[in-house]
Amino acid sequence: MKITAADVVVTSPGRNFVTLRITTEDGLTGLGDATLNGRELAVEAYLREHVAPLLLGRDAHAVEDTWQYLYRGAYWRRGPVTMAAVAAVDMALWDIKGKAAGMPVYQLLGGACRTGALAYGHASGRDIPELLDSVREHLADGFRAVRIQSGIPGLDSVYGVAASAAGDGDRYDYEPARRTGAAHPRPTEETWDTRAYLRHMPTVFEAVRHTFGPELPLLHDGHHRMTPIQAARLGKDLEPYDLFWLEDATPGEDQGALRLIREHTTTPLAIGEVFNSVHDYTTLLQERLIDYVRSAVTHTGGITAVRKLLDMAAVYGIKSGMHGPTDISPVGMAAALHLDLAVHNFGIQEYMRHAPDTLEVFRTSYRFEDGLLHPGEAPGLGVELDDGAAARFPYEPAYLPVNRLSDGTVHDW
Ligand SMILES: O=C(O)[C@@H](O)[C@H](O)[C@H](O)CO
Ligand SMILES: [Mg+2]
């Protein structure tokens with residue numbers, strides 16, 4: 001089954017998405033997500049200029065061989081742009097294989113290990129009362145696990161906190177990429193103070209546990225801002241509140257940092273949303289320095305690569321906790337859900353609902369019921385792209401913010 005076309009669609013229904021569509025000689029099509037938040041057009045160009053021409057004439061069934069051909073064949077390996085492009089090809093080929101077989105992709109991966117994937121939503125508030133309202137709203141929406149992010153006294157705008165109680169439309173979550181206007185694209189800047197954060201967070205979790213009791217799984221994202229010893233202190237301070245995980249406590253490229261945190265705290269640790277290869281994890285897995293693997297299918301080379309990564313994690317008893325904010329497109333989200341169902345070592349799935357405009361462009365068959373996500377039974381990944389709707393939302397430059405300390409020093413955001 002030869003590949004006859006590979007087209008890249010860039011669309012911005014509320015936020016930017018890059019999608020690869022592969023077409024075969026018998027008219028089957030497959031979709032892959034290649035969205036890299038804030039650097040979208042770099043992946044678009046890599047796919048259009050360097051990958052699409054190599055796909056024409058290849059066998060669409062040869063998923064593993066195509067992965068190896070694009071990964072090893074480029075000579076320059078890994079990196080977020082390359083691996084998002086390889087991921088999109090891989091997802092699209094799994095989508096085609098599922099459609100050819102008349103089966104959802106999770107069946108091709110070995111079949112379902114569970115009835116659905118436990119999802120966590122993003123509760124946040126500028127202060128504690130607003131945060132408690134947000135948690136209540138998530139519980140009313142059916143979530144059975146919530147991420148807790150809070151404003152910090154003295155800081156104007158803090159990662160993970162919805163700008164207003166109304167949020168975007170009727171949602172009450174958090175989309176950090178800001179549209180900048182084409183004339184002068186620049187990220188917004190925020191100010192950060194780790195000591196203020198470390199003082200405040202235990203009072204936040206005290207209030208949440210006091211209000212909602214011991215049962216509800218609570219997560220928190222440190223978003224790369226602490227040193228190892230600061231993260232160790234936060235992990236210890238939060239032990240009484242029994243977190244499901246503390247995410248991205250330190251910048252991810254320093255695997256040894258997790259060893260220091262681990263020596264001091266039993267708070268479970270998750271990391272990996274900015275990783276793009278199993279090689280970013282080898283020390284973390286072999287030394288059991290983390291409890292959850294945060295990789296997205298979109299940023300870590302696709303279903304083929306993430307399956308291998310999760311199988312390696314399983315050897316060490318480490319579970320999945322795949323990335324799922326709105327910068328993962330519905331195609332990338334569907335790919336994650338098929339894996340969530342099929343791997344034995346599933347832990348939890350991040351889930352931020354996409355905006356209505358996004359769901360008009362991407363028609364999904366996945367569903368969220370009683371706190372669990374399910375990819376649905378449509379053959380392939382179960383997502384279709386409406387070209388007419390996509391064309392109504394042209395690309396708009398948008399960036400994630402940049403962080404500075406109060407003296408102006410650039411800090412991890
Ligand atoms: O855990 C999360 O969902 C966040 O860290 C986002 O991925 C990040 O802010 C980029 O959108
Ligand atoms: Mg995160």
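We use all heavy atoms of the structure for the numbers below, so side chains are in, but hydrogens, waters and symmetry mates are not. Whatever order the structure lists ligands and atoms in, that order sets their numbers, starting from 1.
Every residue two or more places apart in sequence or in another chain was checked for a salt bridge (Lys or Arg N to Asp or Glu O under 4.0 Å) with K319, and none qualifies.
Protein residues with a heavy atom under 4.0 Å from ligand 1 are N37, H122, R147, Y159, P176, D221, H223, E247, E273, R294, H323, P325, D327, E350, W413.
One distance of note links OG1 of T267 with CG of L246; it measures 6.5 Å at 0.5 Å rounding.
A salt bridge between D133 and R136 is present, with a side-chain N of the basic residue lying under 4.0 Å from a carboxylate O of the acidic one.
You'll find the side chain of Y399 reaches within 4.5 Å of the side chain of R39, heavy atoms only. Annotation: side chain of Q255 is not in contact with side chain of L289 (no heavy-atom distance under 4.5 Å).
Screening residues 400-413 for salt bridge (Lys or Arg N to Asp or Glu O under 4.0 Å) gives E189-R404 as the qualifying pairs, with residues at least two apart or on separate chains.
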Self-check item: Test ring pair (Phe, Tyr, Trp, His ring centres under 6.0 Å) applied to F205 and H220, step by step
Solution: CA-CA 10 Å; F205 276 93; H220 178 64; 5.8 Å; yes
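Around the Mg ion (ligand 2), the protein atoms of type N, O or S that sit closer than 2.8 Å are D221 OD2, E247 OE2, E273 OE1.
Residues Y351 and F368 place their aromatic rings such that the two centres sit under 6.0 Å apart.
Other residues, nucleotides and ligands contribute over 12 non-hydrogen atoms within 6.0 Å of the CZ atom of R144.
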